[in-house]
Amino acid sequence: MSGSDDRRATLTGLAIACLGLGIAGCDNGSGASEEGSADPSEQAEIVPVPVETIAARRGEIYAAYAGTATLEAFEEATVVAKVGGEIAAILVEEGDVVTSGQALARLDGDRLRLQRDQARANLAKAERDYRRNIELHEKGLIAAGAFEAIKYDLDALQAAYDLAELEYGYAVIRAPIDGVVASRFIKTGNTIAESTAAFHIVNLQPLIAEMFVPEREFGKLAPGQAVVATIDALANQAFAGTVERISPLVDAATGTFKTTVEMDATGTALKPGMFARLNVVYDTRPNALLIPRNAIVETEIGDSVFVVTDGKVKRRPIQVGFSWGENVEIVDGLEAGDRIVTLGLSGLRDGAVVDVIDNETPASDLASDSPPEAAADAIVTSNGVG
């Protein structure tokens, strides 16, 4: 073998050796890379999402139209002086309870009394003249026309006396209705003219609220239906009322009809002028499936809830019905006893593992959908629900 052949063989052997070493180096690097690419999070333990749940339950729920109105007195009157004069005495003050016909103030009625006495004297003279002329008329000693004139004069003086007596009676300002003195506008010693406002009297029992309802609700509301009213000024305390009357006409300009609600204010803190939020109950379902409103997830494609089963949650679409207070009726999508998530909904996903941390009686569990006792009684009475 020549020298050139020996050198070629040596180079070929070195190339094969290097190629083998390169392949081995590639294999080793590839194995190390695959081990290093493993995701550590896949080996980590899944952390459950803490949630609070509640069981869907059966209960009573109401359908109501909600509106607002200002409470007003059923009766109120501004008492005016029917005659002028000086205020001699004020007999009542603001806040006093008065009855119809009760004296509220007294004017100095000396002038009116003298006018009455004068009218009475004139009437007495005319009566004597008339009696004397009756005998003359019967004997034919006085013409019939003259006798009739005397009779007309007597009637006129009688009317003048009656008017003077009436005006003298007006020297005492009296209450036209039962109620409470809301305002006093006069002071002792003031000289007032006829028709001057003296007092404002309000009858606080009952109170009414005039609510203007859209015409689409016309077929739902009717006299006698129960009303639950909450008052902002009384820390949202609830009171019972009743639909007293409904206007038979719809206002074409506003598209509303007037509904008058009557409220019994006896023994309550209700006052005219208070702002009221009114719920007119027009239907009742005694055995509805109920869940709290805060358990519902609202989206563009519809409402849903998260149901807990075997430590995981499943998103379930639902169909809602009536709502009252914090509770909502479910008409499709749930069964009584299904446990649904009420707290911990933020970021919750379908299929997520959860840790249920309910107490025996969760704070979010609504004990009852019923309105206050007085309102509930009114609902039972008006709707025949037992």
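All residue numbers in this chain count up from 1 along the given sequence.
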In short, Thr299 meets Arg315 closest at the heavy-atom pair CG2-NH2, 3.5 Å
Show the numbers, then the answer: is there a side-chain contact (heavy atoms from CB on, under 4.5 Å) between Arg116 and Leu112?
CA-CA 6 Å; Arg116 181 202 62 179; Leu112 297 173; over 6 Å; no
Got Val243 and Val227 here, is their nearest side-chain heavy-atom distance under 4.5 Å?
yes
With rounding to the nearest 0.5 Å, note down the distance linking CD1 in Ile340 to CD1 in Ile296.
7.5 Å
For a 4.5 angstrom cut-off between non-hydrogen side-chain atoms, does Glu94 reach Ser183?
yes
Look up atom CD1 in Ile186 and atom CG in Leu107, then write down how far apart they are to the nearest 0.5 Å.
7.5 Å
Hits for side-chain hydrogen bond (donor to acceptor under 3.5 Å, both in side chains) against Glu329, two or more places apart or cross-chain, chain-then-number order -> Arg285
Nearest heavy-atom neighbours spanning Leu157 and Leu123
C-CD1, 3.9 Å
Please name the residue in the list Asp303, Asp338, Ile318 that meets the side-chain contact (heavy atoms from CB on, under 4.5 Å) test with Ile330.
Ile318
Any side-chain heavy atom of Tyr62 within less than 4.5 Å of one from Asn279?
no
Please name the pair of heavy atoms, one in Gly67 and one in Met211, separated by the smallest distance, quoted to 0.1 Å.
CA-SD, 3.6 Å
For Lys220, is there any backbone N or O sitting under 3.5 Å from a side-chain donor or acceptor partner on Gln225?
yes
Taking the side chain as every heavy atom from C-beta outward, state whether Val92 and Gln102 have any pair of such atoms under 4.5 Å apart.
yes
Consider only side-chain heavy atoms of I, L, V, M, F, W and Y, link residues closer than 4.5 Å, and tell whether Leu207 and Phe74 are in one cluster.
no
Minimum-distance pair of heavy atoms, taken over all atoms of Ala56 and Glu335:
CB-O, 3.7 Å
Tell me every residue that passes side-chain hydrogen bond (donor to acceptor under 3.5 Å, both in side chains) with Asp251, counting only those two or more places apart in sequence or in another chain.
none
Identify the heavy atoms of Ala103 and Val172 that sit nearest to each other, and give their distance.
CB-CG1, 3.6 Å
By side-chain hydrogen bond (donor to acceptor under 3.5 Å, both in side chains), Thr266 pairs with (sequence neighbours left out) Gln205, Asp264
Going by heavy atoms in the side chains, are Glu127 and Gln158 under 4.5 Å from each other?
yes
Hey, what do you get for CD1 (Ile150) to CG (Asp129), rounding to the nearest 0.5 Å?
7.0 Å
If hydrophobic clusters are built by linking Ile, Leu, Val, Met, Phe, Trp and Tyr wherever their side-chain heavy atoms come under 4.5 Å apart, do Tyr168 and Ile192 end up in the same one?
yes
Distance-only side-chain donor-acceptor flag, Gln118 / Asn122, under 3.5 Å:
no
Can you list, by chain and residue number, the hydrophobic cluster partners of Val51 when the side-chain cut-off is 4.5 Å?
Val49, Val297, Phe306, Val308, Val313, Val341, Leu345, Leu348, Val354, Val356
Minimum side-chain heavy-atom gap Leu71-Lys271 below 4.5 Å:
no
So, using side-chain hydrogen bond (donor to acceptor under 3.5 Å, both in side chains) as the criterion, who are the partners of Glu298 when residues are at least two apart?
none
So Leu234 and Met274, do their side chains get closer than 4.5 Å, heavy atoms only?
yes
How many angstroms lie between atom NZ of Lys312 and atom CG of Asp350, to the nearest 0.5 angstrom?
10.5 Å
Going by side-chain contact (heavy atoms from CB on, under 4.5 Å), Val213 matches just one of Thr256, Leu221, Val280. Which one?
Leu221
Other residues, nucleotides, ligands: >12 heavy atoms within 6.0 Å of Arg277 CZ
no
Evaluate the side-chain proximity of Thr309 to Lys314: yes if any heavy-atom separation is below 4.5 Å, no if none is.
no
When rounded to the nearest 0.5 angstrom, what distance separates CH2 in Trp324 from CZ in Arg293?
11.5 Å
CG of Leu289 to CZ of Arg58, rounded to nearest 0.5 Å, is 5.0 Å
Between Gln237 and Thr268, does a side-chain contact (heavy atoms from CB on, under 4.5 Å) hold up when you go through it step by step?
CA-CA 11 Å; Gln237 185 177 354; Thr268 71; over 6 Å; no
Does the gap between the ring centers of Phe147 and Tyr130 come in under 6.0 Å?
yes
Indicate if Ile90 and Ile201 have the same hydrophobic cluster label, given that clusters are the connected sets of ILVMFWY residues with side-chain heavy-atom separations under 4.5 angstrom.
yes
Taking Ile208 as the starting point, is it possible to reach Leu278 by hopping between hydrophobic residues whose side chains are less than 4.5 Å apart?
no
Could you check whether any side-chain N or O of Thr196 sits under 3.5 Å from a backbone N or O of Ala81, counting only pairs where one atom can act as donor and the other as acceptor?
no
I need the minimum non-hydrogen distance between Ala276 and Ile231, along with the two atoms involved.
CB-CD1, 3.6 Å
Are Val250 and Ile246 connected in the hydrophobic side-chain network, where two residues link if heavy atoms are under 4.5 Å apart?
yes
Distance-only criterion, 3.5 Å: show the donor-acceptor pairs between side-chain atoms of residues 174-182 and protein atoms not counting sequence neighbours.
| unit_1 | atom_1 | unit_2 | atom_2 | d |
| --- | --- | --- | --- | --- |
| Arg174 | NH1 | Gly101 | O | 3.1 |
| Asp178 | OD1 | Ser100 | N | 2.6 |

